There are 2 protein chains.
Amino acid sequence: MASLGELERAVMDLLWAGHEAATANTLRDRLATTTEANGDAAGHEGKELAVTTVLTVLSRLEKKGLVERERGTRPHRYQAVSSREDHTAELMHEVLGSAPDREAVLARFIGSVTDSEAETLRKLLGHI
Amino acid sequence: MASLGELERAVMDLLWAGHEAATANTLRDRLATTTEANGDAAGHEGKELAVTTVLTVLSRLEKKGLVERERGTRPHRYQAVSSREDHTAELMHEVLGSAPDREAVLARFIGSVTDSEAETLRKLLGHI
DNA sequence: GCTACTTTTCTACGATTCGTAGAACTTTGA
DNA sequence: TCAAAGTTCTACGAATCGTAGAAAAGTAGC
């Protein structure tokens with residue numbers, strides 16, 4: 001129920017990365033810098049978005065339950081409700097739950113996991 | 001890159017359920033019947049969609065790579081490209097891959113898996 | 001081969017979501 | 001109290017999705 005658009009995703013990435021609460025302005029600045037998402041070389045520098053744009057997506061993310069804001073301070077400060085790992089794990093669970101035969105899905109899932117991930121899983125499952 | 005709408009989902013569910021190839025007409029009929037998705041009692045019977053509607057979503061699903069059709073036969077026959085389990089497992093992988101620290105995600109994921117699922121996983125991972 | 005019927009494709013429209021941001025309102029600092 | 005900074009409201013264009021008619025294409029019987 002909460003798939004993210006491109007900008008929403010970028011904002012969440014920032015909130016997840018440095019995970020103190022940030023203001024809309026800070027985020028806007030970081031968004032301009034952190035436009036690593038393409039292969040073209042130097043010279044390129046992400047253009048600044050309007051702060052209102054950032055505020056809009058922050059509000060939308062808040063409505064989706066991914067972000068919470070401190071309303072007390074005046075420049076509101078925003079932060080992710082849960083860590084990226086928690087959020088991602090939760091998403092994985094949602095996906096898993098969308099199929100009737102969860103164990104069959106897990107079987108396929110395990111089949112395509114890397115060796116080191118498999119090792120991680122073994123440890124997590126309480127085995128040597 | 002391939003999230004499904006409600007009707008698209010319903011169609012995939014049908015294709016996944018009885019998984020011989022089906023025609024648009026068959027699917028439309030099943031869609032009318034298989035409207036179990038609400039609590040109101042008898043009398044209710046999903047209204048028939050136009051066949052063109054079903055054909056449209058089938059085309060869209062085909063474009064998304066979830067469905068393939070036999071173009072040879074005249075009423076084209078449609079079927080899911082991969083099983084629901086495969087598809088779901090693949091989705092889980094996509095989600096997992098969307099985070100930088102996959103192992104951390106797996107840790108959280110395992111934390112919220114049921115006991116029997118954990119047991120399944122242990123077996124799948126090659127342990128007694 | 002022509003005609004009636006079936007099936008598929010094309011086009012389209014309303015609703016929702018998302019990127020984007022201006023206009024207007026609110027709060028704060030001097 | 002006034003200007004600057006911040007927030008909310010409103011909006012618009014693109015994309016997606018449910019929905020389906022109109023038109024085109026194939027099929028079957030005559």
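For the numbers below, each heavy atom of this structure counts, side chains included, while hydrogens, waters and symmetry mates do not. Every chain is numbered from 1, with letters handed out A, B, ... down the list of sequences. Everything numeric here is computed off the predicted structure, so don't read it as measured data.
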Considering only heavy atoms from C-beta outward, does the side chain of Asp29(A) approach that of Thr33(A) to under 4.5 Å? no
Less than 4.0 angstrom from a charged side-chain N to a carboxylate O is my criterion; do Glu103(B) and Lys123(A) meet it? no
Look up atom CD in Glu68(A) and atom CD in Gln79(A), then write down how far apart they are to the nearest 0.5 Å. 5.0 Å
Distance check, rounded to the nearest 0.5 Å: Leu96(B) atom CG versus Leu91(B) atom CG? 12.0 Å
Base-pairing string, 5' to 3', of DNA chain D - Watson-Crick or wobble, under 3.5 Å, | interstrand: ||||||||||||||||||||||||||||||
Could you state the atom-to-atom distance from CG of Leu31(B) to P of dA20(D) in whole Å? 12 Å
Rounded at 0.5 Å granularity, tell me how far CG in Leu66(A) sits from CE in Met12(A). 5.0 Å
So that I can tick it off, tell me whether Glu6(A) and Arg9(A) are bridged by a salt bridge, with the cut-off set at under 4.0 angstrom between side-chain N and carboxylate O. no
Quick one: OG on Ser98(A) to CZ on Arg84(B), what's the gap to the nearest 0.5 Å? 8.0 Å
In terms of side-chain heavy atoms, does Arg102(B) have a donor or acceptor partner in Thr88(A) at a distance below 3.5 Å? no
Sub-4.5 Å side-chain heavy-atom contact between Leu121(B) and Arg122(A): no
Using nucleotides 3-8 of chain C, report all nitrogen or oxygen pairs with the protein that are shorter than 3.5 Å.
unit_1: dT7(C); atom_1: OP2; unit_2: Asn25(B); atom_2: ND2; d: 3.3
unit_1: dT7(C); atom_1: O3'; unit_2: Arg74(B); atom_2: O; d: 3.3
unit_1: dT8(C); atom_1: OP1; unit_2: Arg74(B); atom_2: O; d: 3.0
unit_1: dT8(C); atom_1: OP1; unit_2: His76(B); atom_2: N; d: 2.2

When the distance from CD of Glu70(A) to P of dG6(D) is rounded to whole Å, what number comes out? 15 Å
Write down the protein N/O and nucleotide N/O pairs, taken from nucleotides 16-18 of chain C, whose separation is under 3.5 Å; answer none if there are no such pairs.
unit_1: dC18(C); atom_1: OP1; unit_2: Ser3(A); atom_2: O; d: 3.0
unit_1: dC18(C); atom_1: OP1; unit_2: Lys64(A); atom_2: NZ; d: 3.2
unit_1: dC18(C); atom_1: OP2; unit_2: Lys64(A); atom_2: NZ; d: 2.9

Atom pair NE2 (His87(B)) and CG (Leu4(B)), whose distance is rounded to the nearest 0.5 Å: 5.5 Å
With Glu8(B) as reference, evaluate Lys64(B), Arg60(B), Lys63(B) under the salt bridge (charged side-chain N to carboxylate O under 4.0 Å, His left out) test and give the passing residue. Lys64(B)
Contact class for Thr56(A) vs. all strands (heavy atom < 4.0 Å): base, sugar-phosphate, or nothing? base
Rounding to an integer number of Å, can you tell me how far Leu58(B) CG sits from dC17(D) P? 14 Å
In whole angstroms, how far is the P atom of dT7(D) from the CG atom of Leu61(A)? 15 Å
Taking the nucleotide of DNA chain C with the closest heavy atom to each, which residue, Gly72(A) or Ala50(A), is nearer the 5' end? Ala50(A)
Nearest whole Å is fine: how far is dT20(C) P from Glu48(A) CD? 13 Å
